[in-house]
Amino acid sequence: MDKILKNMEHDSSIDKSEVFTTSDEIAERFKDQIKGKTILITGVSPTSIGAALALSLSAYSPSLLILASRSAPKIATTISQIHTQHPSVPLRALELDLASLSHVTAAAHSLANLPKIDILINNAGIMAPPFSRSEDGFESQFAVNHLGHFQLTRVLLPQLRAGGGGGRVVNVSSVGHHAGGVRFEDYNFGEGGERYKKWEAYGQSKSANVLMAVALNARGVRAWAVHPGAVETGLVKEDTREEVEALLRDAPDIEMKTPKQGASTVLMAALDPGLTDFAYLEDCKISQAAEHATDPELAERLWKLSEELVDSKL
Ligand SMILES: NC(=O)c1ccc[n+]([C@@H]2O[C@H](COP(=O)([O-])OP(=O)(O)OC[C@H]3O[C@@H](n4cnc5c(N)ncnc54)[C@H](OP(=O)(O)O)[C@@H]3O)[C@@H](O)[C@H]2O)c1
């Protein structure tokens, strides 16, 4: 956690003019890139960054917004929030449990009737829970934050490529990726989690988000990774709340963002036509991720490992 906070300290030499820009402002700025697009967002519970993304995008006539999350009632609440403001925007709810590779595969296949997907935002995530394994036996953060999104993206690759190379993928990572790289020989932190360190495991999964974006670019699919900032959402659960609050008190430089302020950098990566090559973004600007998250050889190694792990379970 200390490593994460150290990397969040603001460097006064960097232009911070867009720290509190909202996703509404970015959507307005790039509204021509939204009109007529099919966009899939994972993790859209009310109060989340995903819901803020969906709300902002809804104002500018996407052809379809697919809202994918594990809880059908929460998706329904977000849909009714959107419809209050934008009654005619086409929305599709997609139940998606990223902790189950068979569920992810079935959910992705249920979209087979869509000729193309223009933008995929891999946003859902969990942070620093007590040790547990996914249905497939993987450490939960590696499973939900990385492997589930890896499989979703892999199944959707033909549709992302179908728009004439115009498809874009955004992986919502975190400054937390500094807490650890991918442990290729020990991604589960021991057989029964005996080496589990929750922040290193969060770091591993968030480094994997960045590496996956690098690997996608190597496969001709444009992809970016983003740190949204420190955002008031449902991410901090009861078991980590005190720890996170105490650490934030010790780091007065870190200013909390609203969900729409957190969603702005994600939308910038998804929409800005000036962004053509892989980049890691923070505060609506290109920033520098750790080498362990951007090294192309590690990205290839992770892609191959992820294929093997997923294929061994399906
Ligand atoms: N908030 C921050 O300060 C911050 C900082 C850096 C990075 N991030 C990243 O931002 C992303 C969005 O997080 P957030 O802050 O918006 O948190 P959030 O409010 O907790 O939203 C996370 C979303 O992911 C969903 N989700 C969790 N487990 C899932 C699963 N197994 N299958 C499908 N969906 C699942 C959640 O559904 P439920 O509501 O059902 O749990 C929720 O919709 C995450 O990737 C996070 O790592 C956030």
Side-chain angles (χ1 to χ4, degrees), residues 1 4-5 7-8 23 40-55 67-79 93-101 103-104 107-108 121-129 132-136 138-149 151-152 170-179 198-199 201-210 212 225-238 240-241 244-245 247-248 251 254-266 269 280-283 287 289:
M1 187 70 181
I4 302 173
L5 287 172
N7 280 287
M8 286 181 83
S23 47
L40 193 165
I41 307 166
T42 69
V44 295
S45 301
T47 79
S48 67
I49 292 170
L53 289 165
L55 269 162
L67 304 184
S69 238
R70 66 177 160 182
S71 157
K74 289 186 187 178
I75 303 177
T77 305
T78 299
I79 285 183
L94 179 68
E95 271 187 68
L96 173 77
D97 183 359
L98 290 159
S100 162
L101 290 167
H103 196 277
V104 170
I121 303 180
N122 290 321
N123 161 75
I126 52 174
M127 183 177 79
S132 71
R133 287 177 185 275
S134 68
E135 179 180 291
D136 306 291
F138 300 114
E139 185 279 317
S140 65
Q141 298 182 81
F142 191 58
V144 171
N145 297 352
H146 171 59
L147 286 175
H149 281 128
Q151 176 62 357
L152 176 70
V170 182
N171 282 355
V172 181
S173 177
S174 168
V175 71
H177 80 269
H178 287 281
K198 62 187 184 181
W199 292 108
Y202 185 61
Q204 166 174 260
S205 69
K206 292 287 134 182
S207 291
N209 293 156
V210 189
M212 184 179 126
V226 166
H227 167 57
V231 190
E232 295 278 8
T233 62
L235 190 66
V236 178
K237 307 295 186 215
E238 279 318 306
T240 46
R241 187 171 308 284
V244 171
E245 283 175 358
L247 286 159
L248 286 173
I254 298 172
E255 295 178 82
M256 295 303 292
K257 297 186 181 191
T258 64
K260 281 194 172 174
Q261 289 167 341
S264 59
T265 307
V266 183
Y280 170 80
L281 285 87
E282 294 184 10
D283 295 330
S287 184

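These numbers were taken from a predicted model, which means no experiment stands behind them. First listed ligand is number 1; within each ligand, the first listed atom is number 1.
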Could you see which bit of Ser173 sits under 4.0 Å from ligand 1, with heavy atoms only: side chain, backbone, both or neither?
backbone
What part of Val144 sits under 4.0 Å from ligand 1 if we count only heavy atoms: the side chain, the backbone, both or neither?
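Looking at Val144 and ligand 1, just side chain atoms fall under 4.0 Å.
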Among all protein heavy atoms, pick the one closest to atom 40 (O) of ligand 1 and tell me residue, atom and distance.
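Minimum-distance protein heavy atom for atom 40 (O) of ligand 1 reads Arg70 NE, 3.1 Å.
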Take every heavy atom of Ala143, measure it against each atom of ligand 1, and state whether any distance is under 4.0 Å.
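Per 4.0 Å heavy-atom rule, Ala143 does not contact ligand 1.
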Within the 4.5 Å heavy-atom criterion, are Val231 and Ile49 side-chain neighbours or not?
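Yes, their side chains come closer than 4.5 Å.
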Under a 4.5 Å cut-off applied to non-hydrogen side-chain atoms, are Lys206 and Val175 in contact?
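Side-chain contact under 4.5 Å: no.
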Below a 4.0 angstrom heavy-atom separation, can you tell me which part of Val44, side chain or backbone, both or neither, approaches ligand 1?
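Backbone only.
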Heavy atom of Met127 under 4.0 Å from ligand 1?
no
Check whether any heavy atom of Gly148 sits under 4.0 Å from an atom of ligand 1.
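Distance cut 4.0 Å: Gly148 fails for ligand 1.
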Taking distance alone, with N or O pairs closer than 3.5 Å, would you say Gly50 contacts ligand 1?
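For ligand 1, there is no N or O atom that lies under 3.5 Å from one belonging to Gly50.
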Nearest heavy atom to atom 26 (N) of ligand 1 wins, so pick from Ala51, Ala52, Ala124.
Ala124
From Gly125, Ala263, Ser100 - option closest to atom 27 (C) of ligand 1 by heavy atom
Gly125
Quick check for you: to the nearest 0.5 Å, what is the distance between Asn145 atom CG and Ser140 atom OG?
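Rounded to the nearest 0.5 Å, the CG-OG separation comes out at 8.0 Å.
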Which bit of Glu232 gets closer than 4.0 Å to ligand 1, counting heavy atoms only: side chain, backbone, both or neither?
neither
For ligand 1, which atoms have a heavy atom of Tyr202 less than 4.0 angstrom away?
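The atoms of ligand 1 under 4.0 Å from a heavy atom of Tyr202 are 7 (C), 8 (N), 46 (C), 47 (O).
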What is the closest protein heavy atom to atom 32 (N) of ligand 1, and at what distance does it sit?
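Result: Leu98 N, 2.9 Å.
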min-distance protein heavy atom vs atom 23 (C) of ligand 1 -> Gly43 CA, 3.6 Å
Ligand 1 contact on Ile126 by region, counting heavy-atom pairs under 4.0 Å:
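Near ligand 1, Ile126 shows its side chain, while the N, CA, C and O stay back.
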Could you check whether any side-chain heavy atom of Leu40 comes within less than 4.5 Å of a side-chain heavy atom of Thr42, counting everything from C-beta outward?
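Sidechains of Thr42 and Leu40: in contact.
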Do we see a donor-acceptor contact under 3.5 Å between the side chains of Glu135 and Ser100?
yes
Quick check on the 6.0 Å ring-centre criterion: do His177 and Tyr280 meet it?
yes
Sort out for me which residue in Ser287, Ser174, Ser173 forms a side chain to side chain contact (heavy atoms under 4.5 Å, CB included) with Glu282.
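With Glu282 as partner, side chain to side chain contact (heavy atoms under 4.5 Å, CB included) holds for just one option, Ser287.
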Under 3.5 Å between some N or O of ligand 1 and some N or O of Ser71?
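Checking ligand 1 against Ser71, no N or O pair falls under 3.5 Å apart.
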For Asn122 and Met212, run side chain to side chain contact (heavy atoms under 4.5 Å, CB included): C-alpha distance rounded to whole Å, both residues' side-chain angles, the deciding distance at 0.1 Å, then the answer.
CA-CA 11 Å; Asn122 290 321; Met212 184 179 126; 3.7 Å; yes
Min side-chain heavy-atom separation Asn171-His146 under 4.5 Å
no
Validation row: Glu95, Ser69 side chains within 4.5 angstrom (heavy atoms)
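When only atoms from C-beta onward are counted, Ser69 and Glu95 do not touch, as no gap falls below 4.5 Å.
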Does the side chain of Phe138 come within less than 4.5 Å of Leu101's, by heavy atoms?
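Yes, at least one pair of side-chain atoms sits under 4.5 Å.
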Out of all atoms in ligand 1, which are within 4.0 Å of some heavy atom of His227? Include the element for each.
6 (C)
Could you establish whether Met256 and ligand 1 come within less than 4.0 Å of each other, counting only heavy atoms on the residue side?
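Heavy atoms of Met256 never come under 4.0 Å of ligand 1.
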In terms of residue, atom name and distance, what is the protein heavy atom nearest to atom 36 (C) of ligand 1?
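Heavy-atom neighbour on the protein nearest atom 36 (C) of ligand 1: Ser45 OG, 3.9 Å.
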Atom 44 (C) of ligand 1 sits nearest the protein heavy atom Asn123 O, 3.2 Å
Passes side chain to side chain contact (heavy atoms under 4.5 Å, CB included), Leu96 versus Leu98? Steps please.
CA-CA 6 Å; Leu96 173 77; Leu98 290 159; 3.9 Å; yes
Any N or O of Lys206 closer than 3.5 Å to N or O of ligand 1
yes
Quick one: does ligand 1 sit under 4.0 Å from the side chain of Leu96, the backbone, both or neither, non-hydrogen atoms only?
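The answer is the backbone of Leu96.
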